Amino acid sequence: MKTAPALTATAAVLLLATACGTGQAATPDPSTAPAAPGQPGDPKALFDRWNASLVAGDLDGVVDQYAADAVLLPTVAGEVHDTRAEITEYFEHFLELRPSGTLVEPKTRALGPDAVVLSGLYDFAVTSEGEPDTVQARMTFVFERRDGRWTIVEHHSSRKP
């Protein structure tokens, strides 16, 4: 029995846009977009999705990207956050700063077809007490594909010395 070749992500997006009659390609959701067979996900695209939720102030959108057993070592808190309640509480306060992250020196690695790492440096534009500020930080994200969905399983961020 012959099987049809898998569509590339780009081809699938173009096909979807054409079918919807928009003439424009929609941006695929990297958390559910299939990687090419045997290929890992794109850590920078996964970061962009996470960051877009921050910029939008979407608490559920941010927290839902973390696996149920994720570990968060955040930039502006000294404790380990390893429950959904702790991660939610952290981001409730962090989102008050209206953060927007920018990758400065990203490094990516595939640990296999279902795990990728993004580490390096990023800057966060924040607003504290009405004043804009930039927080320079080091970061490591470990993304793992579980049940076909990319989630954050480890996230460590600390101020750049």
Side-chain angles (χ1 to χ4, degrees), residues 9-10 12-13 16 24-35 39-161:
T10 302
V13 169
L16 177 62
Q24 297 179 3
T27 303
D29 179 350
S31 73
T32 58
Q39 298 299 310
D42 178 358
K44 291 178 189 175
L46 294 167
F47 170 85
D48 288 344
R49 179 177 180 265
W50 175 83
N51 189 52
S53 293
L54 286 177
V55 171
D58 181 2
L59 178 62
D60 289 335
V62 173
V63 175
D64 287 347
Q65 293 179 61
Y66 288 82
D69 60 346
V71 174
L72 170 64
L73 300 169
T75 313
V76 293
E79 303 82 27
V80 173
H81 294 66
D82 62 356
T83 68
R84 181 172 176 89
E86 291 169 341
I87 292 170
T88 299
E89 182 180 3
Y90 174 77
F91 282 109
E92 283 174 340
H93 298 291
F94 189 58
L95 287 174
E96 291 173 359
L97 301 174
R98 297 191 316 248
S100 176
T102 302
L103 294 173
V104 175
E105 192 175 332
K107 305 296 179 189
T108 64
R109 289 180 294 138
L111 302 179
D114 296 319
V116 293
V117 176
L118 173 66
S119 59
L121 304 176
Y122 59 3
D123 289 347
F124 270 94
V126 296
T127 302
S128 180
E129 298 179 17
E131 295 296 318
D133 193 13
T134 300
V135 176
Q136 297 178 326
R138 302 174 290 183
M139 55 79 184
T140 301
F141 285 85
V142 179
F143 299 96
E144 186 176 45
R145 183 171 27 201
R146 294 180 176 178
D147 298 323
R149 182 175 176 268
W150 288 96
T151 61
I152 301 167
V153 295
E154 299 280 335
H155 176 192
H156 178 201
S157 181
S158 57
R159 286 186 186 264
K160 185 177 170 188

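Predicted model only: the values in this text are computed from it and were never measured. What you see below is based on every heavy atom in this structure, not just the backbone, and it leaves out hydrogens, waters and symmetry mates.
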State the [atom1]-[atom2] distance between [X] and [Y], to the nearest 0.5 angstrom.
{"X": "Arg146", "Y": "Asp69", "atom1": "CZ", "atom2": "CG", "value": "4.0 Å"}
{"X": "Asp64", "Y": "Thr88", "atom1": "CG", "atom2": "OG1", "value": "8.5 Å"}
{"X": "Glu154", "Y": "Asp82", "atom1": "CD", "atom2": "CG", "value": "10.0 Å"}
{"X": "Leu59", "Y": "His93", "atom1": "CG", "atom2": "NE2", "value": "10.5 Å"}
{"X": "Asp123", "Y": "Leu103", "atom1": "CG", "atom2": "CG", "value": "9.5 Å"}
{"X": "Met139", "Y": "His156", "atom1": "CE", "atom2": "NE2", "value": "12.0 Å"}

Restricting to non-hydrogen atoms, name the atom on [X] and the atom on [Y] that form the minimum distance, rounded to 0.1 Å.
{"X": "Asn51", "Y": "Ser100", "answer": "OD1-C, 3.8 Å"}
{"X": "Val153", "Y": "Ala67", "answer": "CG1-CB, 3.8 Å"}
{"X": "Ser53", "Y": "Val62", "answer": "CB-CG2, 3.6 Å"}

Where do Val116 and Trp150 land on the side chain to side chain contact (heavy atoms under 4.5 Å, CB included) test, with the steps shown first? CA-CA 10 Å; Val116 293; Trp150 288 96; 3.9 Å; yes
Spell out, as yes or no, whether a donor-acceptor pair under 3.5 Å connects the side chain of Arg145 to the backbone of Pro113.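 Present.
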When you measure from the side chain of Gln65 to the backbone N and O of Trp50, does any donor-acceptor pair fall under 3.5 Å?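 Checking the backbone N and O of Trp50 against the side chain of Gln65, a donor-acceptor pair under 3.5 Å is found.
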With a 4.5 Å heavy-atom cut-off, do Phe124 and Leu97 have their side chains touching?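 Answer no - side chains too far apart.
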Would you call Ser128 and Asp133 a side-chain contact if the rule is heavy atoms closer than 4.5 Å?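 In short, these two side chains do not touch, never coming nearer than 4.5 Å.
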Is there a donor-acceptor contact under 3.5 Å linking the side chains of Ser157 and Thr75?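 Present: a donor and an acceptor within the cut-off.
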Mutual orientation of the aromatic rings belonging to Tyr66 and His155 [parallel < 30°, tilted 30-60°, perpendicular > 60°]: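 Geometry flag for His155 against Tyr66: parallel rings.
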Classify the ring geometry between Phe141 and Phe143 as parallel (under 30°), tilted (30 to 60°) or perpendicular (over 60°).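 Aromatic pair Phe141/Phe143 classed parallel.
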Using a cut-off of 6.0 Å, state whether more than 12 heavy atoms not belonging to Glu89 lie near its atom CD.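 Open.
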Tell me if the CZ atom of Arg109 is crowded by more than 12 foreign heavy atoms within 6.0 Å.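 At most 12 heavy atoms, drawn from other residues, nucleotides or ligands, come within 6.0 Å of this atom.
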Could you walk me through whether Arg84 and Val63 pass the side chain to side chain contact (heavy atoms under 4.5 Å, CB included) check? CA-CA 7 Å; Arg84 181 172 176 89; Val63 175; 3.3 Å; yes
